[in-house]
Amino acid sequence: MDVSHLLDELNDPQRAAVTAPEGHVLVLAGAGSGKTRVLVHRLAWLIQVGHVSPLGIMAVTFTNKAAGEMRERAGKLLGISTRPLWIGTFHGIAHRLLRMHWKEARLPENFQILDADDQQRLLRRILREEGYDESQWPVRQAQWFINGRKDEGERAHHIEHMDHPTTAAWVNIYQRYEEYCQRGGLVDFAELLLRAHELWLEQPQVLQHYQRRVQHLLIDEFQDTNAIQYAWLRMLAGNTGQVFVVGDDDQSIYGWRGAKVENVQSFVRDFPDVTTIKLEQNYRSTGNILEAANALISHNTGRMGKKLWTADEEGAAIQIYAAYNEQDEARFVIEQIRRWMDEGRKAEEAAILYRTSAQSRLFEEYLLRESIPYRVYGGQRFFERLEVKDALAYLRLLQNPHDDAALERVINKPTRAIGDKTIAELRIQAREAGVTLWTAINACLQQQKLAARAAGAVQGFVDLINGMNERMKDWSLGNQMQGVIDDSDLISAYDKEPRERSETRVENLRELVNAADSFILPAEDADVGMNELQSFLSRAALEAGETQGESWDDCVQLMTLHSAKGLEFPLVFMAGVEEGLFPHQRSIEEAGGRLEEERRLCYVGITRAREHLVMSYAEIRRMHGTENYCRPSRFINELPAERLQEIRPRVAQNRPWVPASRPTPAVARVAPVKGQEWPFRLGQGVEHRKFGEGTVLAFEGSGEHTRVQVNFSNAGTKWLVLAYANLEAS
DNA sequence: TCCATTGACGTTTTT
DNA sequence: CGTCAATGGA
């Protein structure tokens, strides 16, 4: 068979990885070095050259997007159906295993997935029930504790240090939470992985079956695996499975979420005879950008060691803009984007990256003002919307009325006169009897434990759910969806909201019915015995959907540095590169390699840029209502000075900014502007005879040539020669 | 039960 | 400063 299509266009290390003989392989793939291509070609190589059955391959990614992309590209390359290939996220694969082996995993057949929001609500309820003061025992921290333990593979009863009162309290909450979930058949994200691991541990025959079947494991973004994922993987590989992992220790930015970079090193230690291949040739960025990235990341310790290089040109210098304040920064960035567009480039080629999501606001304001279309990544996703989750909760109750999380969500939505007191009473009953709310409700009604009025209201809810269940049992999913929305009168719950708000909600519900209507039970879900409803609900939780309903055509891209991972743009702005913001203060203070992770985040940001990279920092930044004097980030000082070009406001103001096509001569290293012998302070109010009142933004030059930039409230921003301007302090 | 005001809080987020 | 959730009066 001719396999040249698998190897053509690959460089030597890529080819070595794709064609690696028997055994485990670690591919250290630098940013933009073609890692997805290697992964997909390896997969195709195994099938077409190694004659491995598609059933014997499992490919694991972290996001649904990555999984989808891999499946698509593999399909194109192989020219066969990718159905038998097991490609998915860790969570998706774990979920599938649990559906198939629900009995062995000690789960009810109709178990439901809790998303982060469901989990938080359930925990809040438990904290209240157990009498914890929520200011001292914050829900978020409980969530963090439990998920953290689960990520490490620990159950409540595994945890030591119970002599420590704080730990004991968290463990108690963890334990209660476990009980609720088990009773209601609820499984959170971390639980999916933990259960899948326990399935291996407790059911050797199941493990053996999969060990025999899965001959080849391909893992993407290996530096992002956590302890439980690694353990699961190791067990599945056993002594016979061959593991091919791709990752980049320099791009590990999710340590705070339990990811363990150390797994990259552990892999070489734990698996015998690992072949390590480095992909260092970069096909994305210019030489200057790569040199800056290399220099920055070399400040980290304990790296596996990689040096990116390119066959392409040096390109433009990296530009550093010292903004007077965050307003000036936003103004500058948007102005540069305008120039970019004026030169005929597209808005979508430009990205603004920042450390914290709150930073997007100002940029949005300026973009709006300039009528430049933009899109902010992140934020609420379709299946996470309040009204969508409300409607889904009714659907969940149809599937399983013992789903306490769903029941609590909608028992009084819309209001049906079931007040807090009644619900509290029901919770007590449920807790004392150790049963679900649904069971407790029915028991209370039967034994007439509730006051007459409350009983009537609760009975109404029970009848509603039972009625829906009976009538809609055999309906199509779309009709069920519409049915529960109609019968529950859910929409009336949004009546009192501002009109615009409630209209969007109704629109989203219509969209949800559409989604349910056009949902086709995927074959792989049918294969594991799921019905349409189960499959729909699981997918709603596991793939919460696009962040934004409609994707704009040609928009400037705004996102946090974290969400930029894996993407690339011709023009990248990295904003707010200041000590305290990036690296973030919390990371500076916290020990444990947090600072190195911030540096990796910066490395990720730099390597997103293809042609132009502009970093900016503000000298004064208003945060939480107070003005902060900032120093440029240490990361800027770690970049090679000869690759940098400092942008002075004058350049930004008067001369069209032409992206340099040849190396730009280096300018001195950026230093914070010190107070000099200028007659005004930066930010000081001044008055001009003709232009009126304004604010000093910047100075330039010295002696009689000293120029001053003033932002006049009526005349806009102007550069004036200080000697002639006759400015007066106001 | 509802709306308005007050108060606390402020890093990153996918599954 | 701006957001979101909790609280409290009508």
Quiz item: Mind checking what makes side chain to side chain donor-acceptor pair (under 3.5 Å) contact with A:D224, not counting sequence neighbours?
Solution: A:K565
Quiz item: For A:R234, which residues count as a side chain to side chain donor-acceptor pair (under 3.5 Å) partner, sequence neighbours excluded?
Solution: A:D270
Exercise. Provide the distance between the two C1' atoms, one in C:dA6 and one in B:dT11, to the nearest whole Å.
Key: 24 Å
Quiz item: What is the distance from CZ of A:R600 to C1' of B:dT12, rounded to the nearest Å?
Solution: 13 Å
Quiz prompt | By side chain to side chain donor-acceptor pair (under 3.5 Å) - contacts of A:E364 (at least two apart) | solution = A:S360, A:Y374
Quiz item: To the nearest angstrom, how far is A:F383 atom CZ from B:dT13 atom P?
Solution: 21 Å
Quiz item: Roughly how many Å is it from CG in A:N147 to P in B:dT15, rounded to a whole number?
Solution: 15 Å
Quiz prompt | Partner residues of A:T560 under the side chain to side chain donor-acceptor pair (under 3.5 Å) criterion, sequence neighbours left out | solution = A:S563
Quiz prompt | Listed partners of A:R409 passing salt bridge (Lys or Arg N to Asp or Glu O under 4.0 Å), at least two apart | solution = A:D117, A:D390
Practice problem: Kindly state which residues belonging to residues 220-228 of chain A come within less than 4.0 angstrom of DNA chain B, counting heavy atoms of the residue only, listed by number. | Solution: none
Quiz item: Hey, is the side chain of A:R586 pairing donor to acceptor with the base of B:dT11 inside 3.5 Å?
Solution: no
Quiz item: Taking CZ from A:R257 and P from B:dT15, how many angstroms apart are they, rounded to a whole number?
Solution: 9 Å
Practice problem: Name the closest nucleotide to the A:R140 side chain, picking from B:dT14, B:dT13, B:dT11. | Solution: B:dT13
Exercise. Select base, sugar-phosphate, or nothing to describe what A:N412 touches, counting heavy atoms under 4.0 Å on all strands.
Key: sugar-phosphate
Quiz item: What string of B, S and - do you get for nucleotides 1-10 of chain C, 5' to 3', if B is base contact, S is sugar-phosphate-only contact and - is no contact with any protein heavy atom under 4.0 Å?
Solution: BSS-------
Quiz item: Looking only at atom C1', what distance separates B:dT14 and C:dT3, rounded to whole Å?
Solution: 23 Å
Quiz item: Quantified in whole Å, what is the C1' atom distance between nucleotide B:dT12 and nucleotide C:dA5?
Solution: 22 Å
Practice problem: Look at A:R125 together with A:E129 and state whether they make a salt bridge at an N to O cut-off of under 4.0 Å. | Solution: yes
Exercise. Would you please determine if the base of B:dT11 is stacked by A:H584, with stacking meaning a centroid separation under 5.5 angstrom and planes under 30 degrees?
Key: yes
Practice problem: Using the test salt bridge (Lys or Arg N to Asp or Glu O under 4.0 Å), find all partners of A:E568 that sit at least two apart in sequence or belong to another chain. | Solution: A:R284, A:R610
Quiz prompt | Options B:dT11, B:dT13, B:dT15, nucleotide nearest the side-chain atoms of A:L542 | solution = B:dT15
Show which side-chain atoms of residues 139-146 of chain A pair as donor or acceptor with protein atoms under 3.5 Å away, not counting sequence neighbours.
from, atom 1, to, atom 2, distance (Å)
A:Q143, OE1, A:Q120, NE2, 3.4
A:Q143, NE2, A:A116, O, 3.0
A:Q143, NE2, A:Q119, OE1, 3.0

Practice problem: Name the closest nucleotide to the A:T560 side chain, picking from B:dT15, B:dT13, B:dT11. | Solution: B:dT13
Practice problem: For A:F382 and B:dT15, give me the distance from atom CZ to atom C1', rounded to whole Å. | Solution: 19 Å
Quiz item: When rounded to the nearest 0.5 angstrom, what is the spacing between CZ in A:R505 and CG in A:L512?
Solution: 13.5 Å
Quiz item: DNA chain B: A:T415 or A:E598, which has the more 5' nearest nucleotide?
Solution: A:T415
Quiz item: Just how far, in rounded Å, is P of B:dT11 from CD of A:E597?
Solution: 15 Å
Exercise. Select base, sugar-phosphate, or nothing to describe what A:N64 touches, counting heavy atoms under 4.0 Å on all strands.
Key: sugar-phosphate
Quiz item: Do A:E408 and A:R121 sit within salt-bridge range, that is, some charged N less than 4.0 Å from a carboxylate O?
Solution: no
Quiz item: Which of the following nucleotides, B:dT12, B:dT11, B:dT13, is nearest to the side chain of A:S357?
Solution: B:dT12
Quiz item: Would you say A:R416's side chain and A:F461's backbone share a donor-acceptor pair under 3.5 angstrom?
Solution: no
Exercise. Select base, sugar-phosphate, or nothing to describe what A:A417 touches, counting heavy atoms under 4.0 Å on all strands.
Key: sugar-phosphate
Quiz item: Over how many whole Å does the gap from A:L186 atom CG to B:dT15 atom P extend?
Solution: 21 Å
Quiz item: Counting only side-chain N and O atoms of A:R381, is one of them less than 4.0 Å from OP1 or OP2 of B:dT15?
Solution: yes
Practice problem: May I ask whether A:W256 stacks on the base of B:dT12, given the cut-offs of 5.5 Å between ring centres and 30° between planes? | Solution: yes
Quiz item: 5'-most contact on DNA chain B: A:A116 or A:S587, nearest heavy atom basis?
Solution: A:S587
Quiz item: When the distance from CE of A:M559 to P of B:dT13 is rounded to whole Å, what number comes out?
Solution: 11 Å
